[in-house]
Trainee: 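Quick one: the structure is below, questions incoming.
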Amino acid sequence: MTDTPAAVDDDVRRRGLAKMSEVYGWEFQDGPGEHFAVTADHLFADIWSREALSLRDRRLLLLGALTAQGLFDVAEIQIGAALGNEELDETQLREIALFLCHYVGWPAGTKLDSVVGSVLAQRRKAAGKDAR
């Protein structure tokens with residue numbers, strides 16, 4: 001039996017949704033529209049699934065790119081996912097922010113450090129710990 005185009009498309013979508021869930025740490029369901037389709041089928045099923053870089057490697061690159069572009073709302077999501085997946089810890093995230101100050105500018109690196117602090121405080125509060 002050979003795969004039909006629909007079966008191939010279903011497999012790609014399944015792989016994409018599984019990779020999205022792995023990357024972000026929560027269950028992704030299929031979504032509507034072409035934008036979601038390209039995100040799941042290409043970005044996650046193909047690009048995030050390539051073997052040459054680990055998820056952690058990709059996350060580091062993405063944090064640098066987001067910081068350089070000033071996209072701190074998206075960086076916040078990535079920081080939370082990195083902590084949740086245990087790819088990066090607080091010390092490493094703070095070091096990333098300091099390192100990026102020297103390459104993307106002090107204000108951007110400082111803002112990233114602030115976002116790291118906010119995410120850590122939210123996680124501590126959610127865990128019932130003092131947010132100091």
Trainee: Quick check: is L53 connected to I47 through a chain of hydrophobic side chains (ILVMFWY, heavy atoms under 4.5 Å apart)?
Mentor: no

Trainee: Listing request: all ring pair (Phe, Tyr, Trp, His ring centres under 6.0 Å) pairs with a residue in residues 47-69, at least two apart in sequence or in separate chains.
Mentor: F44-W48

Trainee: One pair to check against side chain to side chain contact (heavy atoms under 4.5 Å, CB included): L43 and M20. What are the steps and the verdict?
Mentor: CA-CA 9 Å; L43 179 59; M20 290 171 79; over 6 Å; no

Trainee: Would a single hydrophobic cluster contain both V116 and L88, if residues Ile, Leu, Val, Met, Phe, Trp and Tyr are joined by side-chain heavy-atom contacts under 4.5 Å?
Mentor: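 Linked within one cluster.
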
Trainee: Please round to the nearest 0.5 Å and tell me the distance separating atom CG of L17 and atom CD of E22.
Mentor: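 Those atoms lie 13.0 Å apart.
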
Trainee: Judged by atom type as modelled, is there a donor-acceptor pair below 3.5 Å linking the side chain of R59 to the main-chain atoms of V23?
Mentor: yes

Trainee: Enter the distance from S21:OG to Q29:CD here, rounded to the nearest 0.5 Å.
Mentor: 7.5 Å

Trainee: CD of E95 to CG of L100: how many Å apart, nearest 0.5 Å?
Mentor: 10.0 Å

Trainee: Same hydrophobic cluster for Y24 and F72, using side-chain heavy-atom links shorter than 4.5 Å among ILVMFWY?
Mentor: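 No, separate clusters.
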
Trainee: May I ask you to decide if E87's main-chain N or O and N85's side chain share a donor-acceptor pair within less than 3.5 Å?
Mentor: no

Trainee: Nearest heavy-atom pair of R13 and G31: which atoms, and what distance?
Mentor: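 It is NH1-O, 4.3 Å.
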
Trainee: Of all the heavy-atom pairs spanning A75 and L112, show the shortest one and how long it is.
Mentor: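 Where A75 meets L112 most closely, the heavy atoms are CB-CD1, 4.1 Å.
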
Trainee: Where do T67 and G109 come nearest, in terms of heavy atoms and distance?
Mentor: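 Nearest pair, atom of T67 first, then G109: CG2-N, 4.3 Å.
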
Trainee: Quick one: ring pair (Phe, Tyr, Trp, His ring centres under 6.0 Å) pairs with a partner in residues 79-101, sequence neighbours left out?
Mentor: F99-Y103

Trainee: Does the side chain of E34 reach to within under 4.5 Å of the side chain of V38, using non-hydrogen atoms?
Mentor: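 Side-chain contact under 4.5 Å: yes.
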
Trainee: Considering residues at least two apart in sequence or located in another chain, which fulfil the salt bridge (Lys or Arg N to Asp or Glu O under 4.0 Å) criterion with R94?
Mentor: E90, D113

Trainee: Taking all heavy atoms of A45 and all of V12, pick out the closest pair and write down the distance.
Mentor: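 Nearest pair, atom of A45 first, then V12: CB-O, 3.5 Å.
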
Trainee: To the nearest 0.5 Å, what is the distance between CG on L98 and CH2 on W106?
Mentor: 5.5 Å

Trainee: Tell me, yes or no, whether the heavy-atom count around K111 atom NZ, taken from other residues, nucleotides or ligands under 6.0 Å, exceeds 12.
Mentor: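 Open.
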
Trainee: Please enumerate all residues that pass side chain to side chain contact (heavy atoms under 4.5 Å, CB included) together with S54, with sequence neighbours excluded.
Mentor: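 With neighbours one apart ignored, the set is R56, D57.
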
Trainee: Are I77 and V115 connected in the hydrophobic side-chain network, where two residues link if heavy atoms are under 4.5 Å apart?
Mentor: no

Trainee: Let me confirm one number: the CZ-CG distance from R15 to D46, rounded to the nearest 0.5 Å.
Mentor: 6.0 Å

Trainee: What is the distance from atom CZ of F36 to atom CG of D41, rounded to the nearest 0.5 Å?
Mentor: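 Rounded to the nearest 0.5 Å, the CZ-CG separation comes out at 8.5 Å.
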
Trainee: Only counting residues at least two apart or in another chain, list the ones meeting side chain to side chain contact (heavy atoms under 4.5 Å, CB included) with R14.
Mentor: D11

Trainee: Output all residues satisfying side chain to side chain contact (heavy atoms under 4.5 Å, CB included) with L83, sequence neighbours left out; order by chain, then residue number.
Mentor: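 Residues passing side chain to side chain contact (heavy atoms under 4.5 Å, CB included) with L83: I79, L93, V119, L120, R123.
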
Trainee: Under a 4.5 Å side-chain heavy-atom rule over Ile, Leu, Val, Met, Phe, Trp and Tyr, are I96 and V104 clustered together?
Mentor: yes

